[in-house]
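Below you'll find the structure I mean.
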Amino acid sequence: MPFMPVKFNLQKRVKLAQGLWMIYWFSVIVGILIFSLGIFFKIELRKRSEMMDNNESHLVPNLLILVGLLSCGLNAFGGKVCHDSLDPVKFAKWKPMLKSYLLLCCGFNALLLVTGLLCFLMQFAVYLTLAEGLKNSIKFYKDTDTPGRCFMKRTLDMTQIEFRCCGNNNYRDWFEVQWISNRYLDMSNDLVKDRVLSNVEGKYLMDSVPFSCCNPGSPRPCIQHHLTNNSAHYDYDHRIEELNIWTRGCREALFSYFSSMMSSIGMLVFGAILLESGDMAGLKYLTTALETMEDPENPECESEGWLLEKGVKETFSDFFTKMKSLGKTNQVDEGGEAQEAT
């Protein structure tokens, strides 16, 4: 007995075909959106690659671009089939391809599911890459004369301004590295020399941050030097006063940006899976309703459509039986080849 059978007349078949045609072309638009978001995500990763140590994975954006293109092609084909379904002559040329097309759609839905899951699972990898990359970016901030790192200072400054963040975890990360190049230090100055010699690693460390950490919305002029020295500034206590620099770390800010982007894209992909599933179910109903017409030459006659020709249990049983028989056939073929070889 067919699974979920539905009776159709001419009016219902026409409405189903028209509705499916609209849904298929809406799915094409969703495919274009997924493709566009994949390109946008890839560009954003490229822009931030310096702060990820060039170790960022482009698996997710590449998959998004691929499934976006496939979605456009498959759904455009489905829309064409629905458009021609009510014309027996035009539908006849599509009929032999429909079984393969539905199997291809099942495979495409599986690919969409993998892509959607990766949008969520790969967020942890992005977090780790950002943590290591930003740590090295701060370390190389001063190397404006070193090939390959010339633009690190500009990139990090623009990131801190754009994302309103400072340092890797927070602004105190700048206290642990020498972010001013020796080129701009007066080594004849006793204060500079004492500060360098007092450090075990011979670094010029300060309780200061770059200008890009400053919050322009603060009413007080930016305090970026001697942040922990209360006596260096009038009416100032670094322990209780809200500093007029960004207190959020760039790792948190960038991860929030990428994770919200990946989560939104993942939800869109899962929405596309539901849409594709609806398209497949509707097309199955439409094709079976057209195949079971009592009198194909009379468009007014009634017909019956279904999702599966047999029940769910019987369908799976037949599927596993076919798989077992296929496996046995392969074993027999391999045995025959072995005997011929001997």
Side-chain angles (χ1 to χ4, degrees), residues 45-56 126-218 220-234 236-239 241-255 257:
L45 285 175
R46 290 285 186 196
K47 282 169 63 178
R48 319 290 172 195
S49 61
E50 281 187 280
M51 288 173 293
M52 295 181 172
D53 259 4
N54 295 309
N55 288 327
E56 73 281 3
V126 171
Y127 180 82
L128 295 178
T129 309
L130 280 171
E132 188 63 26
L134 282 167
K135 182 180 177 181
N136 290 329
S137 297
I138 293 173
K139 189 190 302 182
F140 301 141
Y141 181 85
K142 63 180 174 58
D143 299 339
T144 51
D145 297 328
T146 305
R149 301 174 188 166
C150 303
F151 300 103
M152 184 63 74
K153 176 185 178 299
R154 181 182 182 278
T155 302
L156 196 49
D157 280 334
M158 295 304 296
T159 300
Q160 293 190 144
I161 292 170
E162 181 181 352
F163 288 91
R164 301 183 175 186
C165 58
C166 185
N168 186 1
N169 298 304
N170 53 52
Y171 65 93
R172 290 183 177 273
D173 291 326
W174 291 105
F175 301 172
E176 301 171 5
V177 297
Q178 178 183 333
W179 53 271
I180 296 179
S181 173
N182 288 334
R183 178 182 178 183
Y184 304 109
L185 294 176
D186 182 7
M187 291 302 177
S188 62
N189 188 304
D190 291 337
L191 292 175
V192 174
K193 193 181 297 182
D194 289 344
R195 188 181 288 271
V196 171
L197 294 174
S198 64
N199 188 278
V200 177
E201 297 179 359
K203 295 179 180 179
Y204 185 76
L205 304 180
M206 306 177 293
D207 57 343
S208 305
V209 296
F211 78 98
S212 53
C213 285
C214 293
N215 178 3
S218 172
R220 181 169 187 161
C222 185
I223 296 174
Q224 65 181 105
H225 299 294
H226 308 295
L227 290 175
T228 57
N229 186 356
N230 292 337
S231 61
H233 312 284
Y234 176 73
Y236 176 77
D237 187 346
H238 77 277
R239 293 168 298 183
E241 183 174 339
E242 184 179 351
L243 298 175
N244 55 1
I245 59 172
W246 305 118
T247 53
R248 186 168 71 153
C250 287
R251 177 173 58 182
E252 179 188 346
L254 281 168
F255 177 69
Y257 173 70

Q. Quick one: does M51's side chain get under 4.5 Å of L156's, heavy atoms only?
A.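 M51 reaches L156 side chain to side chain.
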**Q.** Within 6.0 Å of CZ in R248, more than 12 heavy atoms from elsewhere
**A.**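 More than 12 heavy atoms, drawn from other residues, nucleotides or ligands, come within 6.0 Å of this atom.
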Q | Side chains of L134 and L254 in contact at under 4.5 Å (non-hydrogen atoms) | A |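 Yes. Closest side-chain heavy atoms under 4.5 Å.
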(Q) Let's test your reading of the model: do C165 and C250 have SG atoms under 2.5 angstrom apart? (A)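 Cystine link detected, SG atoms below the 2.5 Å cut.
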Q: For E56 and V126, indicate whether the former's side chain and the latter's backbone hold a donor-acceptor pair under 3.5 Å.
A: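 No; judged by distance alone, with no hydrogens or angles, the pair does not exist.
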Q.
Can you confirm whether L130 sits close enough to M52 that some side-chain heavy atom of one is under 4.5 Å from a side-chain heavy atom of the other?
A.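 Of all side-chain heavy-atom pairs linking M52 with L130, at least one is under 4.5 Å.
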Q | Minimum heavy-atom distance Y236-R220, with the two atoms named | A |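 So the minimum-distance heavy-atom pair works out to CB-NH2, 4.1 Å.
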Q: Working to the nearest 0.5 Å, report the span between CD1 of I245 and OG of S212.
A: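 OG of S212 is found 10.5 Å from CD1 of I245.
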Q) Can you say whether the rings of H226 and H233 are parallel (under 30°), tilted (30 to 60°) or perpendicular (over 60°)? A)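 Tilted: the ring planes of H226 and H233 meet at 30° to 60°.
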Q) Does a side-chain heavy-atom distance below 4.5 Å link L205 with E176? A)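 The answer is no, as the side chains (C-beta and beyond) never meet within the 4.5 Å cut-off.
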Q. Nearest heavy-atom pair of F175 and S208: which atoms, and what distance?
A.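 The pair with the smallest heavy-atom distance is CE2-N, 3.5 Å.
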Q.
Restricting to non-hydrogen atoms, name the atom on G202 and the atom on Q178 that form the minimum distance, rounded to 0.1 Å.
A.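 Closest approach of G202 to Q178: O-OE1, 4.3 Å.
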Q) Is the shortest heavy-atom distance from the side chain of F211 to the side chain of I161 under 4.5 Å? A)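 A side-chain contact under 4.5 Å exists here.
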**Q.** No-hydrogen, no-angle side-chain donor-acceptor test under 3.5 Å, N168 and D173
**A.**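 Checked: N168/D173 side chains show no N/O donor-acceptor pair below 3.5 Å.
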**Q.** Atom of T247, atom of N170 and distance for their closest heavy-atom approach
**A.**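 Of all heavy-atom pairs spanning T247 and N170, the closest is O-CB, 3.9 Å.
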Q.
Any donor-acceptor pair under 3.5 Å linking the side-chain atoms of N182 with those of Y204?
A.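 Looking only at side-chain atoms, N182 and Y204 do not form any donor-acceptor pair under 3.5 Å.
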Q. Does the side chain of P210 reach to within under 4.5 Å of the side chain of D157, using non-hydrogen atoms?
A.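 Result yes, sub-4.5 Å side-chain heavy-atom pair found.
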(Q) Could you report the tightest heavy-atom contact between E50 and M152, atom names first, then the distance? (A)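 Answer, listing the atom of E50 first, then M152: O-CE, 3.9 Å.
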**Q.** Pairwise distance OG1(T129) to CZ(R48) - rounded to 0.5 angstrom
**A.**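 Going from OG1 on T129 over to CZ on R48, the span is 15.0 Å.
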Q) Rounded to the nearest 0.5 Å, how far apart are CG of L185 and CG of L191? A)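 L185 atom CG to L191 atom CG measures 12.0 Å (nearest 0.5 Å).
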**Q.** Results of disulfide (SG to SG under 2.5 Å) for C222 - residues two or more places apart only
**A.**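 C222: disulfide (SG to SG under 2.5 Å) contacts with C214.
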Q. Once you round to the nearest 0.5 Å, how far does CD1 of I138 lie from CH2 of W179?
A.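 Atom-to-atom, I138:CD1 and W179:CH2 are 12.0 Å apart.
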Q | Reported CZ-to-OG1 distance for the pair F140 and T155, which is rounded to 0.5 angstrom | A |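 Result: 13.5 Å between the selected atoms.
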Q.
For W246 versus Y171, what's the shortest heavy-atom pair and its separation?
A.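 In terms of heavy atoms, the two residues are closest at O-CB, 4.4 Å.
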Q | salt bridge (Lys or Arg N to Asp or Glu O under 4.0 Å) partners of residues 128-143, not counting sequence neighbours, each pair once | A |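 Sorted pair list: D143-R149.
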Q) What is the distance from atom CG of N230 to atom CG of D237, rounded to the nearest 0.5 Å? A)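 Separation between the atoms: 4.5 Å.
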